[in-house]
Amino acid sequence: METNPVVRSCEVLVSGAYFADLVFHGLARPVQPGTEVFADGFGLVPGGAYSLAMALHRLGRRVLWSADFGTDPFSAHVLACARQEGLAEGAFRHHPFPVRSLTVALASADDRAMVSFQDPVDAQPLAPLLGRLRPRVLVLPQLRWDEDTVVGLRAARQLGTLVVMDCHDTPATLDDPAVREALALVDVFTPNDAEALRLTGADGLSGLDGAIAALAALVPTLVVTRGARGAVAVRDGERHDAPSVRSAAAIDPTAAGDCFNAGLVHGLLSGWSLPECLAAATLCGAAATTAPGSSAALDAAELAHQLDPRLDRPLDHHPHRPLDQDPHRPSQATTNVG
């Protein structure tokens, strides 16, 4: 009997569309119908799943990003930014027609409103992509429960790939059996508090604990972000609360959630405890608010410098420690009998 390690083309596969974000920040007041508000600043920045892939790349992770690009100027802008950051292009698809994805974000220091448009394009099927790349972690920036995604999630389970899924303001509830089926195949689910309430049908702050309990019963690890109130994580029935990290220089929270998830995944890959992962995530999320989009995402050295004083012990920052193994997931090794 011979045991060989699985050959993995990347540590992390991010599967999700790019967006070109037109960010107006520094608004003196919320925009109301029939009114005009001038912003203090404006930026055209890459967003969507780009933020996750770029932030993980800056943290030193080997990332492939499955995304579609077309002949339009928005595709060209985000593709140029990805190349400037040095992102690997092994999972990109290029189409001979426009694939426009754009968002107008109206941002204050604490929150934002967004209007988006996207040309329809079928995403790459997940299961063949996972079989070819064999990532340690699959990150899905949006709650998905279509047939192709469920097939891909089952393939990830068979490959021993950890699945991290965000919610991203998706209109869905747990009343839909297909949503429950998809979540049952997810290892780490990361909605924000409003999304958790909507998914479960709970109401208000008093109902958030009930929403957390309902979602924690469906996934092995639940992480709920709560903006200025920090974040909550539940694993094996044990709850961990992390305070928020406030930045006096905050101008745009558009990419804070994506950078939070990048810090979380970085911690999981490093083998850190769940509270340590939360500490890293909150620092990464807070840093992202200090510039438009994800342009201020931390690199590994910056995160290490900010993180160590917040913990009771120095962290081992070795980038190749194994993920903690969940009992329901197969081993990340293959066995040949001969």
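No experiment lies behind these values; they were computed from the predicted model shown.
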Treating Ile, Leu, Val, Met, Phe, Trp and Tyr as nodes and any side-chain heavy-atom pair under 4.5 angstrom as an edge, say whether [X] and [Y] lie in one connected cluster.
{"X": "V121", "Y": "F74", "value": "no"}
{"X": "V265", "Y": "V63", "value": "yes"}
{"X": "V37", "Y": "F42", "value": "yes"}
{"X": "V232", "Y": "L218", "value": "yes"}

Using modelled atom types only, decide if a donor and an acceptor are shared between the side chain of [X] and the backbone of [Y] within a distance under 3.5 Å.
{"X": "Q142", "Y": "C167", "result": "no"}
{"X": "S51", "Y": "G47", "result": "no"}
{"X": "E85", "Y": "A82", "result": "no"}

F97, CZ: over 12 other non-hydrogen atoms inside 6.0 angstrom: yes
Counting only heavy atoms not in H168, do more than 12 sit closer than 6.0 Å to its NE2 atom? no
Before accepting this row, confirm whether a basic side-chain N of the pair E181/R154 lies closer than 4.0 Å to the acidic partner's carboxylate O. yes
Do T35 and Q32 pair up side chain to side chain, a donor and an acceptor below 3.5 Å, judged on atom types alone? no
For residues H57 and W65, establish whether the separation of their ring centroids is below 6.0 Å. no
Do F19 and Y50 make the cut of ring centroids closer than 6.0 angstrom? no
